[in-house]
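Chain naming here is simple, since letters A, B, ... match the order of the sequence lines and numbering starts at 1 in each.
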Protein chains: 2
Amino acid sequence: MGEFDLIDRYFRRPAAAAAGGVALGIGDDCALLAPTPGMQLAVSSDLLLEGRHFLSTVDPARLGHKALAVNLSDLAACGARPLAFTLALALPAADEDWLAPFARGLLALADAHGCALVGGDTTRGPLAICITVFGEVPPGQALLRSGARAGDDLWVSGTVGDARLALEVFRGTLRLPAEAFEAARLRLEQPQPRVALGQALRGIASAAIDISDGLLGDLGHVLRQSGVGARIEADRALGLLALRRLAADAVPAPIQLDCVLAGGDDYELAFTAPPARRDAVLAAGAAAQVALTRIGCIEAQPGVRVVDASGAALARAFASFDHFG
Amino acid sequence: MGEFDLIDRYFRRPAAAAAGGVALGIGDDCALLAPTPGMQLAVSSDLLLEGRHFLSTVDPARLGHKALAVNLSDLAACGARPLAFTLALALPAADEDWLAPFARGLLALADAHGCALVGGDTTRGPLAICITVFGEVPPGQALLRSGARAGDDLWVSGTVGDARLALEVFRGTLRLPAEAFEAARLRLEQPQPRVALGQALRGIASAAIDISDGLLGDLGHVLRQSGVGARIEADRALGLLALRRLAADAVPAPIQLDCVLAGGDDYELAFTAPPARRDAVLAAGAAAQVALTRIGCIEAQPGVRVVDASGAALARAFASFDHFG
């Protein structure tokens, strides 16, 4: 199958060109977007490699979903509304059994968020997926990493740490009951980007980031760029682990806390907001149908303090994930 | 060196955030572009892999240049003005001796075209470079592949085929005099995207495409999408080969014609325009300081006819390049 047949068969859809904000879709040297006049365009790009970002055995439909989800999660963290994306794909071969479900998973999530595939590139090579996503946000309303202030609450959406449990099962370092493993695996392979929540938090959150490399690591970017520190209550943070009860026997509490604080691959939002906005925050979570947990607060003193129920600091190191560490 | 130090050291520059049309550069979940209200945004994405799109021995500064050049060439083919780009980079290691010149070559070309690096991704893996580029074009003025009409002239910018000569020397199938090889190699490794020409051709050219996979192959997209065919005069096409004289003894004429018609990696523009616009076309070329060659014309009959000086069709096949052929 030729490169162009491949694009035609799996990725081009008549609807794409007609999507809102898209003047010209797949098939020319460039796609043409028509952003709403006056809106800013939020842009993010992620490169996923087999073996590094996903296992070779992953269901291609879930991989298609995840490849776009991690990018939509960046739009969510900025409070942007998804508009369109490009897909650059390196494939060992034009394998129909792989491409059909990959495209299905990818485009199903795209459709769910009104995000049109407008162009890209295909080439032969070791499996690599580079997606660049575009969204719109009103000028000055994007959620940034730099806005956290001492006294703000620290919030996290959804559940955190479960994806890492699944990864450790795949790595053979952990065993989970079948039911818990399937739930954890779904979190690892099919994360739900918090797109509606991000938009609902515009004007409410003072800073936001998406948790992709681990809560503490990503929170660190917010703290450095805001010039502040944070205090995290360990017990509240542990409540972020969806599988806490199911995994209680299989996973010791300290490892549960590691997974929550430094697990990675969560694609939830960590954000800050003044205590006076708690009702607004909870209303945003309710509107977006996402549970929100307040796990601590922002302090003037730089660094992160993880404390127990008595307020005493836990004397432990939590490693984050750095691709060139 | 950590992932974030790497980005800071080689790719982040204070000027980027202040560039025209860029509201927020590297360092947050998304970059924020502020397109000129009412303009359309042209978007293109290319993925370059070591071994497939470039040799492992290539000078990293030239590779940095080329990685952006092939994307700017897509903007040129649409007549768009460059605005910004993202870079997703997979590297076997954070090697300073490679990164410093790669970034230098990349950013020098970016500066020459006022195109700011606004974000991206870095990860460890086999060398892969995915660039997504954004440009602006007034609504309805983008050069498309679908506008060629029977009777139009067929034009090509600059020189074509020389890059393939260099590739064949690297492959060992061809020998060139040292001077000719260095010139050909420069065409292969450091193509000059025809950005000014593309913009100058707005309102003049009826269709355009950039020649990346070979003149005939890329022209074929224009012909199919326009529902027309073309006649190419072989002698005029041969005039596109810059090294024709230097390579005359080393390269038989039929191979020269192969290189011109199906060589690939040229990053020149092929475009069509009505004969009544010849003066305007030549003025656009002069304004952009790029030589333009009229190599044939568009005909109603589908397909391409390559003809000799007497008008007789050459009975030969010219293979184009397809990444999944």
Side-chain angles (χ1 to χ4, degrees), chain A residues 1-4 6 23-24 27-35 37-38 40-47 49 51-53 74-75 77-78 80 84 86-90 94 118-126 128 130 132 134-135 137 139 142 144-146 208-210 225 322-325, chain B residues 1-4 6 23-24 27-35 37-38 40-47 49 51-53 74-75 77-78 80 84 86-90 94 118-126 128 130 132 134-135 137 139 142 144-146 208-210 225 322-325:
Chain A
M1 189 186 315
E3 176 177 3
F4 306 103
L6 186 158
L24 184 71
D28 217 296
D29 292 280
C30 293
L32 294 174
L33 306 183
Q40 289 185 339
L41 207 78
V43 176
S44 184
S45 192
D46 274 295
L47 177 59
L49 304 180
R52 182 122 198 128
H53 300 96
D74 284 315
L75 288 187
C78 278
T86 58
L87 167 68
L89 194 57
V118 294
D121 193 15
T122 56
T123 191
R124 195 188 293 273
C130 182
T132 306
F134 320 100
V137 63
L144 304 183
R145 297 177 176 178
S146 52
I209 194 168
D210 85 312
Q225 294 186 34
D322 181 335
H323 291 287
F324 282 95
Chain B
M1 190 186 313
E3 174 177 7
F4 306 105
L6 187 159
L24 184 71
D28 216 295
D29 293 281
C30 292
L32 293 174
L33 305 183
Q40 289 186 339
L41 208 79
V43 177
S44 184
S45 192
D46 274 295
L47 177 59
L49 304 180
R52 181 124 198 125
H53 300 95
D74 284 316
L75 288 186
C78 279
T86 57
L87 167 69
L89 193 58
V118 294
D121 193 16
T122 55
T123 190
R124 194 186 294 271
C130 183
T132 306
F134 318 100
V137 62
L144 303 184
R145 296 177 177 179
S146 52
I209 193 167
D210 84 313
Q225 294 187 34
D322 182 335
H323 290 288
F324 280 97

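Distance alone, capped at 3.5 Å, places no donor-acceptor pair between the B/Asp74 side chain and the A/Cys30 backbone. Judged by distance alone, with hydrogens and angles left aside, the side-chain atoms of B/Asp28 form no donor-acceptor pair with the main-chain N or O of A/Leu144 at under 3.5 Å. Formation of a donor-acceptor pair under 3.5 Å by the A/Gln225 side chain with backbone atoms of B/Gly27 is found in this model.
Heavy-atom pairs under 4.5 Å with chain A peak, among B/Leu87, B/Val43, B/Asp29, B/Leu33, at B/Asp29. With respect to chain A, the highest number of heavy-atom pairs below 4.5 Å among B/Ser44, B/Pro37, B/Ala42 belongs to B/Ala42. Contacts with chain A were tallied for B/Pro126, B/Cys78, B/Ala34; B/Cys78 has the most, counting heavy-atom pairs under 4.5 Å.
Partners of A/Asp46 under the salt bridge (Lys or Arg N to Asp or Glu O under 4.0 Å) rule, at least two apart in sequence or in another chain, do not exist in this structure. Residues passing the side-chain hydrogen bond (donor to acceptor under 3.5 Å, both in side chains) test with B/Thr86: none are found, sequence neighbours excluded.
Using a 4.5 Å cut-off between heavy atoms, A/Ala84 makes no contact with chain B at all. Looking at B/Leu49, the atoms closer than 4.5 Å to chain A (heavy atoms on both sides) all sit in the side chain, from C-beta outward. Using a 4.5 Å cut-off between heavy atoms, A/Leu75 touches chain B through backbone and side chain atoms alike.
Heavy-atom minimum distance, B/Arg52 versus A/Arg124: CD-O, 3.0 Å.
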